[in-house]
Amino acid sequence: MILFMEHDMLVSGPDRETCEQHIRLFFNKSQLVHYDSIDFDRANSVNGTDPRFAELLGSAIAGNRKVLADLLNKLRQEGCTSLDDLLVMPQGFMSKLLHTMCHLLDGFFGVDSRFFDIDEISHWLTENRKQEIARSPQQCWLIRVHGRSVYGQGFEDRED
């Protein structure tokens with residue numbers, strides 16, 4: 001089985017190449033996400049001065065909101081409809097849904113992260129980052145990353 005994931009990463013730097021190095025370092029140090037390979041989609045990677053920047057950034061953040069909404073819907077379908085339900089939630093599928101939702105809210109990067117700001121360690125656009133983009137758009141880059149991992153025979157024996 002091959003897993004393909006796409007992330008839009010917001011990162012600061014003087015040029016795209018430097019930012020791509022920061023992203024590679026981020027993935028090399030990631031505690032949770034390990035890809036066999038990552039590739040940069042330069043056609044969909046933009047600098048803060050690019051006219052498409054705001055639209056692509058908004059779309060990436062909306063992607064996180066959609067993931068969060070989809071997970072919340074699944075949790076509701078499983079019977080969790082109020083915060084009081086958390087007191088009796090069994091360990092398993094429901095708790096995994098909640099766990100993933102919490103990662104999107106607390107800034108812990110995962111495979112479900114559609115947008116991630118490496119510098120702010122956030123799935124959202126902080127006030128600080130909005131100001132930085134307005135002040136120095138040439139230093140801000142939204143870089144699309146394609147991650148790929150191959151799972152199959154022998155995966156169970158792999159140590160990460």
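Atom-to-atom distance recorded for Asp36:CG and Leu3:CG is 9.5 Å, nearest 0.5 angstrom. With rounding to the nearest 0.5 angstrom, the CD1 atom of Ile23 is 10.5 Å from the CZ atom of Arg16. Between Gln77 atom CD and Leu97 atom CG the span is 9.5 Å, to the nearest 0.5 Å. We find the CG-NZ distance between Leu71 and Lys74 to be 6.0 Å, quoted to the nearest 0.5 Å. Atoms CG and CD, on Asp15 and Gln138 in that order, are 12.0 Å from each other to the nearest 0.5 Å. The distance from atom CZ of Phe115 to atom NE2 of His123, rounded to the nearest 0.5 Å, is 9.0 Å.
Residues Ile133 and Leu10 form a side-chain contact, since some pair of their non-hydrogen atoms from C-beta on lies under 4.5 Å apart. A heavy-atom distance below 4.5 Å is not found between the side chains of Leu56 and Asp8.
With Phe116 as the partner, the ring pair (Phe, Tyr, Trp, His ring centres under 6.0 Å) test is satisfied by one option alone out of Phe108, Phe27, Phe26: Phe26. Of the residues listed (Arg129, His22, Glu120), the one engaging Ser12 in a side chain to side chain donor-acceptor pair (under 3.5 Å) is Arg129, and it is the only one.
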> Do Lys96 and Glu78 pass the salt bridge (charged side-chain N to carboxylate O under 4.0 Å, His left out) test, and can you show the C-alpha distance, the side-chain angles, and the key distance before you say yes or no?
Replying inline: CA-CA 12 Å; Lys96 288 186 187 321; Glu78 292 294 318; over 6 Å; no
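In this structure a side-chain-to-backbone donor-acceptor pair under 3.5 Å is missing from Asn64 to Ile61. Not a single donor-acceptor pair under 3.5 Å links the side chain of Thr81 to the backbone N or O of Arg76.
Scanning all heavy atoms of the two residues, the minimum distance from Ser149 to Tyr35 falls at OG-CA, 3.2 Å. Contact record, Arg24 with Phe40: NH2-CE1, 3.4 Å, taken as the closest heavy-atom pair. The shortest heavy-atom contact between Val11 and Cys19 is CG1-CB, 3.3 Å. In terms of heavy-atom proximity, Asp112 sits nearest to Leu104 at O-CD2, 4.2 Å. Residues Asn47 and Gln139 come closest through the heavy atom pair ND2-N, 4.5 Å. Taking each heavy atom of Val111 and Met5 in turn, the nearest pair found is O-CE, 2.7 Å.
Met9 and Leu57 are not part of a single hydrophobic cluster, where members link through side-chain heavy atoms under 4.5 Å apart. The same ILVMFWY cluster, assembled from side-chain heavy atoms under 4.5 Å apart, contains both Met94 and Met101. The hydrophobic clustering, which links ILVMFWY residues whose side-chain heavy atoms are closer than 4.5 Å, places Phe53 and Val145 apart. Note: the hydrophobic cluster containing Leu105 does not contain Val33 (ILVMFWY, side chain heavy atoms under 4.5 Å, direct or indirect links). When the side chains of ILVMFWY residues are joined at heavy-atom separations under 4.5 Å, either directly or via intervening members, Ile118 and Val46 end up in two distinct hydrophobic clusters.
The 12-atom threshold is not exceeded at CG of Leu83, counting heavy atoms of other residues, nucleotides or ligands nearer than 6.0 Å. In Ile121, the CD1 atom is not crowded: 12 or fewer heavy atoms of neighbouring residues, nucleotides or ligands sit closer than 6.0 Å. Other residues, nucleotides and ligands contribute only 12 or fewer heavy atoms inside 6.0 Å of the CD atom of Glu55. Atom CD of Gln91 has 12 or fewer neighbouring heavy atoms from other residues, nucleotides or ligands inside a 6.0 Å radius.
The cationic atom of Arg65 (NZ for Lys, CZ for Arg) lies less than 6.0 Å from the six-membered ring centre of Trp124 and within 45° of the ring axis.
When the salt bridge (Lys or Arg N to Asp or Glu O under 4.0 Å) test is applied to Asp41, no partner is found at least two apart in sequence or on another chain. Every residue was checked against the side chain to side chain donor-acceptor pair (under 3.5 Å) condition with Arg148, not counting sequence neighbours, and none meets it.
Residues Asn128 and Thr126 bring no donor and acceptor atom of their side chains to less than 3.5 Å of each other.
A salt bridge is defined here as a Lys NZ or Arg NE, NH1 or NH2 lying under 4.0 Å from an Asp or Glu carboxylate O, and Lys66 with Asp70 meets this definition.
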